[in-house]
Amino acid sequence: REQGSRTDGVAAARGVRFSKAKVPGKGTVQVASIEPSTFTQLYDLKLKKGSLDAVRALGDGQALMSKKYAEGHDLDIGATVQATTPSGKHVPLKVAAITDDNGFLSTDLVVSEPVMTRDFGETKDAVGFILLSPGADPKAAKKQLTALVDREYPGSEVLTDKEFKDSVAGQVDQLLT
């Protein structure tokens with residue numbers, strides 16, 4: 001992520017991490033983390049309830065919750081879920097907004113990156129998002145980023161927004177057939 005942010009034409013580079021937690025009476029939930037202050041610049045997050053300001057201010061003791069999870073458990077903004085993380089920490093998470101995302105960020109809960117690191121023990125990014133600077137050449141930036149990823153993370157890919165969405169759609173199609 002740090003090297004990607006130093007690539008010509010890159011304005012911001014941020015990672016997303018994934019983990020799970022146990023919630024009493026509700027079982028195991030999937031959890032993602034974001035860097036709140038910049039994530040909405042990198043990803044078109046859809047909300048059912050709440051505001052993008054709440055997403056950008058996401059902090060300790062707070063989480064975003066998926067619409068599906070909220071409706072399935074009769075929860076709303078302001079509700080608190082008690083999560084037990086893989087590292088054994090008991091973390092109360094107050095719902096700051098309800099997401100309506102059918103794409104990449106469709107986990108049950110989303111927390112801030114510091115919460116994921118400290119409370120869940122997850123320090124590795126699973127996916128990275130890049131924001132290009134205004135006027136940057138997308139093809140040149142992709143070429144530089146691909147060379148970096150090939151060298152540092154063999155087997156990983158650099159995808160444009162469209163390529164990423166097509167990839168996710170292809171995976172869903174495979175599940176349905």
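- A distance of 10.0 Å separates CG in Asp125 from CZ in Phe18, rounded to the nearest 0.5 Å.
- Side-chain atoms of Asp108 come within 3.5 Å of backbone atoms of Gln30 as a donor-acceptor pair (strictly under, hydrogens ignored).
- Of all heavy-atom pairs spanning Gly59 and Val115, the tightest one is O-CG2, 4.3 Å.
- Between the side chain of Thr80 and the main chain of Pro92, no donor-acceptor pair closer than 3.5 Å is present.
- The number of heavy atoms from other shown groups lying within 6.0 Å of NZ (Lys20) does not exceed 12.
- Val95 and Val55 sit in two unconnected hydrophobic clusters of ILVMFWY residues. Membership requires side-chain heavy atoms under 4.5 Å apart, directly or through other members.
- In this structure, the side chains of Leu75 and Lys26 come closer than 4.5 Å at one or more pairs of heavy atoms.
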Which atom pairs, donor and acceptor, lie under 3.5 Å between side-chain atoms of residues 63-71 and protein residues at least two apart or in another chain?
from, atom 1, to, atom 2, distance (Å)
Ser66, OG, Tyr69, N, 3.0

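- Arg17 and Thr117 form a side-chain donor-acceptor contact under 3.5 Å, judged by distance and modelled atom types alone.
- Applying the side-chain hydrogen bond (donor to acceptor under 3.5 Å, both in side chains) test to Thr40 and every residue at least two apart in sequence or in another chain returns Arg56.
- Closest heavy-atom contact between Ala21 and Phe120: CB-CE2, 3.9 Å.
- At distances below 3.5 Å, at least one donor-acceptor pair connects side-chain atoms of Lys89 with backbone N or O atoms of Arg118.
- Nearest heavy-atom pair across Val149 and Ser156 is CG1-CB, 3.5 Å.
- Around the CD atom of Glu157, the shell of radius 6.0 Å holds no more than 12 heavy atoms that belong to other residues, nucleotides or ligands.
- A distance-only check finds a donor-acceptor pair linking the side chain of Glu122 to the backbone of Lys124 [under 3.5 Å].
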Scan the side chains in residues 45-52 for donor-acceptor partners under 3.5 Å anywhere in the protein, sequence neighbours excluded, and list what turns up.
from, atom 1, to, atom 2, distance (Å)
Lys46, NZ, Asp44, OD1, 3.4
Lys46, NZ, Asp44, OD2, 2.6
Lys49, NZ, Asp76, OD1, 3.3
Lys49, NZ, Asp76, OD2, 2.8
Ser51, OG, Asp53, N, 3.4
Ser51, OG, Ala54, N, 3.1

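- Hydrophobic clustering (ILVMFWY, side-chain heavy atoms < 4.5 Å, transitive): Val16 and Leu109 are in distinct clusters.
- The shortest side-chain heavy-atom distance between Met116 and Val31 falls under the 4.5 Å cut-off.
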Next on the checklist: Set out, in order, the CA-CA distance, both residues' side-chain angles and the distance that settles side chain to side chain contact (heavy atoms under 4.5 Å, CB included) for Val10 and Leu131, then state yes or no.
Outcome noted: CA-CA 6 Å; Val10 172; Leu131 175 66; over 6 Å; no

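- A distance of 8.0 Å separates OG of Ser112 from CD1 of Ile34, quoted to the nearest 0.5 Å.
- Nearest heavy-atom pair across Gly9 and Ala136 is O-CB, 3.5 Å.
- In this structure, CZ in Arg151 is found 11.5 Å from OG1 in Thr146, a value given to the nearest 0.5 Å.
- Tracing side-chain contacts under 4.5 Å through hydrophobic residues (I, L, V, M, F, W, Y), one reaches Val23 starting from Ile77; they form part of the same cluster.
- Under the 4.5 Å side-chain heavy-atom criterion for ILVMFWY residues, no single connected hydrophobic cluster contains both Leu58 and Val81.
- Contact detail for Thr84 and His90: the closest heavy-atom pair is OG1-ND1, 3.0 Å.
- At least one side-chain heavy atom of Leu145 sits less than 4.5 Å from a side-chain heavy atom of Ile130.
- Checked by atom type, the side-chain pair Glu35/Thr38 shows a donor-acceptor distance below 3.5 Å.
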